[in-house]
Student: 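The structure that follows is given in the form of structure tokens.
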Amino acid sequence: MQQPSKHGEVRVRFAPSPTGQVHVGNARTALFNWLFARQQGGKFILRIEDTDLDRSEARYETQLMEDVKWLGLDWDEGPDVGGPYPPYRQSDKWQVYRDLAEQLVREDKAYYCFCKQEDLERHRQQALAAHLPVTYPGTCRALAPEEAARRRAAGEPAAIRLKIPDRPIRFHDIVRGWVEFSNEVVSDPIILRSSGVPVYNYVVVVDDAEMKITHVIRGDDHLSNTPKQVALYEAMGWTVPEFAHLSTILGPDKERLSKRHGATSLANFREMGVLPEALMNYMALLGWAPTGGDREIFSPTELVQEFELERVTPSPAVFDFEKLYWINRHYIKAAEPARIAALTLPFYRKALAREELSTEAEAWLGHITAAFSHQVNKLDELPERAKAVLGYDAKAAMELPENAEILKAETTRPVLDAFCAKLAAEAEPIEAARFKAIIKEVQKETGVKGPALFHPIRILLTCAQSGPEFDKLVPLMEEGAKLGLSLSVKQRIEQFRAAFN
RNA sequence: GGCGCUAUCGUCUAGGGGUUAGGACGUGAGAUUCUCAAUCUUAAAACCCGGGUUCGAUUCCCGGUAGCGCUACCA
């Protein structure tokens with residue numbers, strides 16, 4: 001377990017842009033922040049980074065919060081719940097960023113830059129051709145303050161650039177150790193555009209500092225930006241936080257995981273019937289493992305206890321859907337049956353094309369779920385798994401080549417005749433045990449056993465030669481028939497005979 | 001082009017100067033079952049390459065290679 005932070009109370013944040021659905025990559029970052037905050041007794045803060053006005057949309061903000069809540073993460077401060085360092089949405093904070101940038105200019109830690117885009121681009125091309133790093137040539141850094149003031153007064157547009165000190169920038173990363181960048185490579189970055197709009201790398205630092213963030217846990221795509229940010233902290237005289245740059249999550253083709261790879265947003269997984277605790281468990285395993293490396297199943301509570309930020313691996317991880325599904329199966333089995341039944345209802349509604357279901361129908365579907373949920377990777381597979389109970393189409397069954405093969409076998413007709421004759425004498429509903437006994441009797445009478453005995457009966461009953469055990473199917477069929485939602489065993493026989501003869 | 005990060009079974013990972021390199025998913029085989037699924041057992045499967053350092057490197061150092069990221073008045 002971690003030492004209490006030298007910064008005092010741990011404060012971490014998840015700072016997504018509301019530009020779309022929450023992706024597993026971002027969700028994993030959120031998770032690691034949350035786990036760390038909870039286990040340290042710190043604060044987890046949600047901040048909306050909507051400075052990119054073109055792409056940000058309010059409706060995504062709502063969805064984002066719902067998705068994160070679904071995963072099981074809660075935040076202590078955020079745009080909805082407030083907190084001691086508002087605002088938790090960047091869009092109304094622009095004056096702060098401007099004032100702070102100008103203050104930096106007054107303190108001679110930043111300067112106005114009048115350089116034209118074309119000039120900068122030309123310089124860039126030259127550097128590239130000369131195999132040199134692309135840097136700012138420093139033209140305006142040398143400008144006398146009076147000169148700069150005069151040109152500003154004359155209405156010349158100016159951006160503000162931070163002065164990068166003349167020494168390497170070093171910072172500590174919990175995942176990667178010490179990282180060092182040459183100051184030449186960092187080069188004086190723009191913090192405020194000539195339009196007055198602040199730049200992302202500047203805004204984050206202001207926000208993180210104002211919100212007293214102690215640990216910046218984020219994706220490693222920000223690693224190369226970190227020296228700029230460190231320089232900014234130092235220029236402002238703020239305490240540099242601890243960093244932890246998490247590796248990228250890749251798709252099977254080793255490319256950064258994206259929609260291209262299929263279902264990758266939290267909403268997608270929810271719609272597939274993946275349980276939040278399963279997703280959380282799986283994502284935690286992407287880049288983290290407990291000491292010893294065995295043990296893979298961790299409830300959210302256990303994760304909060306066991307997780308160690310120091311043990312997070314720096315190398316990128318490929319997202320393995322199969323393993324996620326395996327974990328999901330585990331949690332489906334472990335979960336309260338009533339909860340699983342309720343979560344599965346929408347999938348039946350869709351499969352049955354029924355908006356409204358009676359209480360009895362829901363209860364019956366709940367029994368189906370209970371019977372088959374442990375055989376399934378995701379809840380959305382249940383209607384398909386239970387289709388033997390849910391539907392019946394004798395005609396279509398006849399036409400399937402693999403069924404036809406069995407149906408025209410020599411032993412089939414005697415088996416079915418005997419079977420049907422016996423069932424005709426049965427009282428309804430037929431019990432599973434009685435059903436089993438009948439099959440035994442048929443076996444005795446006809447001398448047919450094994451697949452030759454079971455397959456025809458199975459086709460008669462379910463239209464398929466493979467599927468779940470009769471023990472489970474028969475009671476569900478009988479119960480469903482009573483509710484008018486399925487066909488009873490006898491009804492199935494009737495329909496089958498009509499089609500078969 | 002420059003800079004940075006990364007590199008153990010197909011995948012997620014444990015480990016670490018001397019190990020039969022461990023676990024899990026997936027895959028193969030077997031058991032069970034009328035069958036499918038589930039379940040159980042079992043097998044195959046890895047230290048990127050080249051130099052150092054060392055009695056000994058997969059482990060430490062350097063270089064290479066590859067992947068990824070950043071290199072914007074994008075976020």
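Keep in mind that this is a model prediction, so the values were computed, not measured.
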Student: Tell me what A:Gly219 touches on the nucleic acid: a base, only sugar-phosphate, or nothing, going by heavy atoms under 4.0 Å.
Tutor: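 A:Gly219: no heavy atom of the nucleic acid under 4.0 Å.
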
Student: Give one of base, sugar-phosphate or nothing for A:Arg385, where a contact means two heavy atoms less than 4.0 Å apart.
Tutor: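 Contact class for A:Arg385: base.
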
Student: Please report the distance, rounded to the nearest Å, between CZ in A:Phe319 and P in B:C25.
Tutor: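 From A:Phe319 CZ to B:C25 P: 17 Å.
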
Student: Consider the side chain of A:Ala289, meaning its heavy atoms from C-beta on, and name the nucleotide among B:A38, B:U13, B:G4 that approaches it most closely.
Tutor: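 So the side chain of A:Ala289 is nearest to B:U13.
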
Student: To the nearest angstrom, how far is A:Asp471 atom CG from B:A38 atom C1'?
Tutor: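 Those two atoms, CG and C1', are 15 Å apart.
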
Student: If you look at every strand shown and take non-hydrogen atoms under 4.0 Å, does A:His131 touch a base, only sugar-phosphate, or nothing?
Tutor: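 Result for A:His131 = sugar-phosphate.
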
Student: Consider the side chain of A:Asp320, meaning its heavy atoms from C-beta on, and name the nucleotide among B:G69, B:C73, B:G10 that approaches it most closely.
Tutor: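 The listed nucleotide nearest to A:Asp320's side chain is B:G10.
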
Student: Describe the nucleic acid contact of A:Leu453 in one word from base, sugar-phosphate, nothing, applying a heavy-atom distance below 4.0 Å.
Tutor: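 The residue A:Leu453 makes no contact with any strand.
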
Student: Check this for me, if you would: do A:Glu49 and A:Arg218 make a salt bridge, where the nitrogen-to-carboxylate-oxygen distance has to be below 4.0 angstrom?
Tutor: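 No salt bridge links A:Glu49 with A:Arg218.
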
Student: Centroid distance below 5.5 Å plus an interplanar angle below 30 degrees: do A:Trp326 and B:C25 meet both conditions?
Tutor: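 Aromatic stack with B:C25 absent for A:Trp326.
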
Student: In terms of the nearest nucleotide of RNA chain B, which residue is placed more toward the 5' end: A:Phe114 or A:Glu322?
Tutor: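 That would be A:Glu322.
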
Student: So, taking the atom named NE2 in A:His215 and the one named CZ in A:Phe243, what distance separates them when rounded to the nearest 0.5 Å?
Tutor: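 Rounded to the nearest 0.5 Å, the NE2-CZ separation comes out at 11.5 Å.
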
Student: Report which part of the nucleic acid A:Val318 touches: base, sugar-phosphate, or nothing (heavy-atom distance under 4.0 Å, all strands).
Tutor: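 Contact class for A:Val318: sugar-phosphate only.
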
Student: Which nucleotide in the set B:A14, B:C70, B:C34 lies at the smallest distance from any side-chain heavy atom of A:Asn225?
Tutor: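 Closest of the options to the side chain of A:Asn225: B:C70.
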
Student: Under the side-chain contact (heavy atoms from CB on, under 4.5 Å) rule, what do A:Ile439 and A:Phe470 come out as? Steps first, then yes or no, please.
Tutor: CA-CA 11 Å; A:Ile439 292 182; A:Phe470 287 138; 4.0 Å; yes

Student: Please confirm whether any donor atom in the side chain of A:Ser224 sits under 3.5 Å from an acceptor in the base of B:G69, or the reverse.
Tutor: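 Flag set: donor-acceptor pair detected.
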
